[in-house]
**Q** 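First the structure, then my questions, so here it is.
All figures in this text were calculated on a predicted structure; none of them were measured in a lab. Basis for what follows: all heavy atoms, side chains included, without hydrogens, waters or symmetry-related copies. For the single chain, residues carry numbers from 1 onward in sequence order.
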Amino acid sequence: MRIREGDPLEIYTNSDGEVIFKKYSPINEMSRSAGSAADVIHKLGGTPVVIFDRDHVVAVSGMQRREYAERRISPALEELLERRKSWLYDGDGKPILPVEGVQKNALAIAPIIASGDIAGAVCFMAGDTPSKGTQLQLTLAQTAAMFLARQLEE
């Protein structure tokens, strides 16, 4: 796990007096809301949905949770989030594989930006066969990202 300058940390001590630093994830704190948002947009968008914080998968809908639980985001998704732009796969160019160790491409990605900071992403995933993303999926991902960002700001 990488700690970047400005990342919030939680500090713990164990029984031996060792100091333990843990990255704080506001999205992880609201995993139930993220899970509900993923379920709703999965039903509307028709393909699996994954919600990420800055480092890991937080919520999954439409596929096996075990396969995705606690997996890291890929460098390609990290780079996209740094640009703070939404993304739609139109079938041209190289697809983004957003989850490390999983060979399924993203169809639509929207960053979660709360109080000016990148907090994570909402992502529609391709099913078993690669396909193009739709404008509806991009709009749903953006809507869920804005909803989650608003919840983080409260």
Side-chain angles (χ1 to χ4, degrees), residues 1-8 23-154:
M1 185 181 326
R2 287 174 244 137
I3 297 174
R4 294 180 274 290
E5 185 176 331
D7 281 347
K23 247 180 140 171
Y24 173 74
S25 170
I27 295 250
N28 226 1
E29 297 252 331
M30 52 180 287
S31 61
R32 192 166 58 197
S33 292
S36 295
D39 288 342
V40 169
I41 67 170
H42 158 67
K43 287 176 184 161
L44 294 170
T47 61
V49 173
V50 178
I51 298 179
F52 302 89
D53 65 9
R54 288 281 311 238
D55 298 303
H56 295 93
V57 171
V58 175
V60 175
S61 184
M63 58 192 153
Q64 296 257 340
R65 295 188 201 304
R66 286 188 306 264
E67 186 180 343
Y68 290 82
E70 293 298 314
R71 287 202 183 246
R72 292 197 45 77
I73 69 170
S74 69
L77 178 57
E78 214 171 311
E79 184 180 311
L80 179 71
L81 291 179
E82 289 300 321
R83 290 187 295 200
R84 299 170 175 255
K85 300 271 189 225
S86 294
W87 178 86
L88 180 66
Y89 182 59
D90 59 5
D92 294 333
K94 187 177 176 187
I96 291 177
L97 303 174
V99 184
E100 276 191 0
V102 177
Q103 294 300 311
K104 289 189 179 185
N105 70 292
L107 300 176
I109 301 171
I112 300 168
I113 301 173
S115 300
D117 296 325
I118 300 165
V122 177
C123 178
F124 274 94
M125 301 288 290
D128 293 330
T129 58
S131 59
K132 296 178 185 180
T134 66
Q135 189 59 46
L136 173 64
Q137 290 169 331
L138 181 61
T139 301
L140 289 169
Q142 290 170 328
T143 302
M146 291 171 74
F147 171 77
L148 292 169
R150 177 80 172 124
Q151 292 225 325
L152 291 171
E153 292 170 347
E154 290 180 350

**Q** Is the shortest side-chain heavy-atom distance between Glu100 and Ile73 below 4.5 Å?
**A** no

**Q** Only one of Val40, Leu44, Thr134 clears side-chain contact (heavy atoms from CB on, under 4.5 Å) with Leu140; which?
**A** Leu44

**Q** Take Ile96 and Asn105 through the side chain to side chain contact (heavy atoms under 4.5 Å, CB included) test and state the conclusion after the steps.
**A** CA-CA 5 Å; Ile96 291 177; Asn105 70 292; over 6 Å; no

**Q** Taking Arg54 first and then Glu82, would you say they form a salt bridge - that is, a charged N and a carboxylate O separated by under 4.0 Å?
**A** yes

**Q** Between Gln151 and Ser33, do the side chains contain a donor N or O and an acceptor N or O under 3.5 Å apart?
**A** yes

**Q** Arg72 vs Asp55, test: side chain to side chain contact (heavy atoms under 4.5 Å, CB included). Steps then yes/no.
**A** CA-CA 6 Å; Arg72 292 197 45 77; Asp55 298 303; 3.8 Å; yes

**Q** Exactly one of Val50, Leu80, Val122 should register a side-chain contact (heavy atoms from CB on, under 4.5 Å) with Ile109. Which one does?
**A** Leu80

**Q** Roughly how far, to the nearest 0.5 Å, is the CG atom of Leu107 from the CE atom of Met125?
**A** 8.0 Å

**Q** Does atom CZ of Arg66 have more than 12 heavy-atom neighbours from other groups under 6.0 Å away?
**A** no

**Q** Would you check if Pro48 and Phe124 make a side-chain contact, meaning some heavy-atom pair closer than 4.5 Å?
**A** no

**Q** Start with the C-alpha gap between Arg71 and His56, add the side-chain angles, then the distance that decides, and say whether side chain to side chain contact (heavy atoms under 4.5 Å, CB included) holds.
**A** CA-CA 5 Å; Arg71 287 202 183 246; His56 295 93; over 6 Å; no

**Q** Between CG of Asp39 and CD1 of Ile51, what distance do you get to the nearest 0.5 Å?
**A** 9.0 Å

**Q** Taking the side chain from Gln137 and the backbone from Gly45, do they hold a donor-acceptor pair closer than 3.5 Å?
**A** yes

**Q** Should we say atom CE of Met146 is surrounded by more than 12 heavy atoms from elsewhere, each under 6.0 Å from it?
**A** no

**Q** Should Lys104 and Val99 be marked as a side chain to side chain contact (heavy atoms under 4.5 Å, CB included) after you check the CA-CA gap, both sets of side-chain angles, and the distance that decides it?
**A** CA-CA 8 Å; Lys104 289 189 179 185; Val99 184; over 6 Å; no

**Q** Do you know which two heavy atoms are closest between Ala114 and Leu152, and how far apart they sit?
**A** CB-CB, 3.9 Å

**Q** Measure the spacing between OG of Ser36 and CZ of Phe147 and express it to the nearest 0.5 Å.
**A** 8.0 Å

**Q** Identify, with sequence neighbours excluded, every residue that meets side chain to side chain contact (heavy atoms under 4.5 Å, CB included) alongside Ser86.
**A** Ala110, Pro111, Leu138, Gln142

**Q** Could you pull out the closest heavy-atom pair between Met63 and Val60, with the gap in Å?
**A** CG-CG1, 3.6 Å

**Q** Within the distance-only criterion (no hydrogens, no angle test), does the side chain of Ser74 pair as donor or acceptor with the backbone N or O of Leu97 below 3.5 angstrom?
**A** yes

**Q** Determine yes or no for a side-chain-to-main-chain donor-acceptor pair under 3.5 angstrom, with Glu153 supplying the side chain and Arg150 the backbone.
**A** no

**Q** Rounded to the nearest 0.5 Å, what's the gap from OG1 on Thr143 to CG on Leu148? Could you check?
**A** 11.0 Å

**Q** Out of curiosity, Ile112 CD1 to Asp117 CG, how far, rounded to the nearest 0.5 Å?
**A** 13.0 Å

**Q** Show the nearest heavy-atom pair for residues Ala106 and Cys123, with the distance to one decimal.
**A** CB-SG, 3.5 Å

**Q** Is there a donor-acceptor pair under 3.5 Å between the side chain of Arg84 and the backbone N or O of Gly116?
**A** yes

**Q** From Tyr89 OH over to Lys94 NZ, what is the distance, rounded to the nearest 0.5 angstrom?
**A** 11.0 Å

